[in-house]
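A quick write-up on the structure given underneath.
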Amino acid sequence: MNTTNFLIIAAIVVYLLAMLAVGFYFSKQTSSTEDFYLGGRKMGPIVTAMSAEASDMSSWLLMGLPGVAYLSGVADAAWTAIGLGVGTWLNWYFVSRRLRRYSQNIGAITVPDFFSRRYHDKSNTLNALAALVIIIFFIPYTASGFAACGKLFNSLFGVDYTTAMIVAALVIIGYTVMGGFGAVSTTDLIQSIVMTVALVAVLSYGITHAGGWDAVVDNARALPGYLSLTASHDVSTGSSVSYGALSVASCLAWGFGYFGMPHILLRFMAIEDEKKLVLSRRIATVWVFIAMAVAITIGIVGLGMTEAGALEFLEGSSSETIIVRIAGLISEHGVLAALLAGVILAGILAATMSTADSQLLAAASSVSQNIMQDFLHIKLTDKQSVVVARITIAVIAVLGIFLARDPDSSVFGIVSFAWAGFGGAFGAVTLCALFWKRSNKWGALAGMLSGGATVFLWKYLVRPIGGVWNIYELLPAFFVSLLFIIVVSLLTAAPDAEQLKEFAAAK
């Protein structure tokens, strides 16, 4: 091993050990299920904001988004970023405060638990169904994070893809199992800072070695459709491809996903004071817009580096390793540069880990709390519940590793499907639960089932038809779910007086 690689690995190892140390620290402060799942509802506004957005962005920010921009230009990446940015703001502005108040009023500590208590579902069918949805879609989402780790080390050091993936998974499991929500949120804050450093360093270096900003822009302009919001660039033919209204709507639909993301909704429920959500919203929204803009720009700059001869052309899913390749070039400029490259690569790990840990925790709470205790009525002490949650984390991680075993899997593709799953199954249900007092248990059940089913049917049966049917599955799933909630709620019994009283108290 040469000195450069040693320094890069040393920086990454220090980072990973720091994450484990945070997990160990919080393990001493986790004594109840509310501590493990919600950090005792004691999260501050900055931790709440940055942990929510770090867990939201995932490896998609540092790998998927730059990769899409690198290959096809601005349109696909920019419209998706706009949808996500607007969705972020709307979620913080409309959902966060009411969900914090409502969940505390009725004693809910998980998202499925909130649905069940909100609708007085004594059979806990809603609880179990929501938990099942979380498990189904979080497994592939977690797999995308592990795949990103494998790609990172394989492309830079030639380390076996599977080995790298397993090592990263073990670290994530380690601090999540030990510290629960407190560890996950604190490490997410740290990870958001590391991600920011990575983005700024890569962008600055890339522009310099692409011949300057003017050269980057000139190169992009020379490619038909590359800088257009109404067209995209086709690498195989070198031509411009029309980017119509349906494509724009599909990308903007990513914003609907926020209303159904369990790991983000949990942050709203966990903040110490609902009034501090205003500060959290401002911090989160600004960071998201800036981070995504920089990520897209890195993709464009990366192509400029290819044109300048500083970087070989990256085809297909290998375009998602653009930041990894640039970090490799940075590492060649001395000791400090090699350490900086290590921090950049740790940033990619941070993006991956900040999402994977949150997903594992949400899935674990779904099994131990919502399925075993609430639905199956298995009596567990607080200590036993936490143990079951920790075992669940390990099992789901193993399944995620199995799904991510293909090194050619696309991080962007896996994330988009899981994102659609949560937005379709939970998005409309969450909004109706918070803002429509006439909605009831049967409507919520119908909305959850129809939305989740539509995601699968649209992706695998309808969308392959092409043409006007080639729409991101989240868009039809969200509105199908909303329609079923409204129709079924109106056709069945209205909520009782107690439900209406709780609804009014949450306003």
Side-chain angles (χ1 to χ4, degrees), residues 30 32-43 48 51-52 55 95-96 98-139 141-142 176-177 179-185 259-271 355 357-393 396 421-422 425-427 429-430 433-434 441 444-445 448 452 502 506:
T30 302
S32 68
T33 50
E34 186 171 60
D35 287 340
F36 193 75
Y37 298 142
L38 282 181
R41 297 190 198 264
K42 295 180 289 190
M43 295 296 107
T48 299
S51 69
S55 65
V95 173
S96 64
R98 184 167 293 196
L99 179 60
R100 170 64 174 82
R101 188 182 309 139
Y102 213 148
S103 64
Q104 184 173 39
N105 287 353
I106 61 180
I109 61 172
T110 68
V111 173
D113 190 31
F114 169 72
F115 292 143
S116 189
R117 290 172 183 261
R118 157 67 175 89
Y119 291 114
H120 290 201
D121 178 22
K122 293 181 172 57
S123 68
N124 279 305
T125 307
L126 261 178
N127 220 335
L129 179 60
L132 190 61
V133 169
I134 286 175
I135 294 167
I136 289 172
F137 289 108
F138 264 158
I139 290 174
Y141 211 144
T142 304
T176 305
V177 161
F181 191 87
V184 165
S185 296
F259 305 126
M261 291 297 135
H263 54 300
I264 297 174
L265 298 178
L266 278 174
R267 266 62 184 182
F268 301 160
M269 295 165 65
I271 196 167
T355 301
D357 55 22
S358 300
Q359 293 159 350
L360 287 169
L361 188 62
S365 66
S366 296
V367 173
S368 67
Q369 183 71 34
N370 307 129
I371 293 179
M372 293 188 68
Q373 296 188 73
D374 298 336
F375 185 68
L376 297 177
H377 302 294
I378 298 174
K379 298 297 182 182
L380 297 175
T381 64
D382 266 1
K383 186 175 181 179
Q384 289 171 331
S385 179
V386 172
V387 169
V388 171
R390 286 168 170 162
I391 293 172
T392 305
I393 288 170
I396 290 175
F422 286 120
F426 291 154
V429 176
T430 300
L434 293 173
K441 177 182 77 172
L445 275 170
M448 210 176 289
E502 290 171 354

Quiz item: Minimum heavy-atom separation for Ala444 to Val429, with atom names?
Solution: O-CG2, 3.9 Å
Quiz item: By ring pair (Phe, Tyr, Trp, His ring centres under 6.0 Å), which residues pair with Phe422, not counting sequence neighbours?
Solution: Phe137, Phe138
Quiz item: Which distance, rounded to the nearest 0.5 Å, do you find between the OG of Ser96 and the CD1 of Ile264?
Solution: 12.0 Å
Exercise. Check Pro262 against Gly260 and note the closest heavy-atom contact, atom names and distance.
Key: CD-O, 3.0 Å
Quiz item: Does Ser116 reach the main-chain N or O of Pro112 with its side chain, forming a donor-acceptor pair under 3.5 Å?
Solution: no
Quiz item: What are the two closest non-hydrogen atoms of Asp121 and Thr125, and how far apart are they?
Solution: OD2-N, 2.8 Å
Quiz prompt | Partner residues of Tyr102 under the ring pair (Phe, Tyr, Trp, His ring centres under 6.0 Å) criterion, sequence neighbours left out | solution = Phe114
Quiz prompt | Pairs involving residues 105-116, ordered by first then second residue, that meet salt bridge (Lys or Arg N to Asp or Glu O under 4.0 Å) (sequence neighbours left out) | solution = Asp113-Arg117
Quiz prompt | Min side-chain heavy-atom separation Leu126-Lys441 under 4.5 Å | solution = yes
Quiz item: Which heavy atom of Phe115 sits nearest a heavy atom of Ala130, and at what distance?
Solution: CD1-CB, 4.1 Å
Quiz item: When rounded to the nearest 0.5 angstrom, what distance separates CZ in Arg100 from CG in Asn105?
Solution: 9.0 Å
Self-check item: Shortest non-hydrogen separation from Met269 to Leu99 and the atoms involved
Solution: CG-CG, 3.8 Å
Quiz item: To the nearest 0.5 Å, how far apart are OG1 in Thr430 and CZ in Arg118?
Solution: 11.0 Å
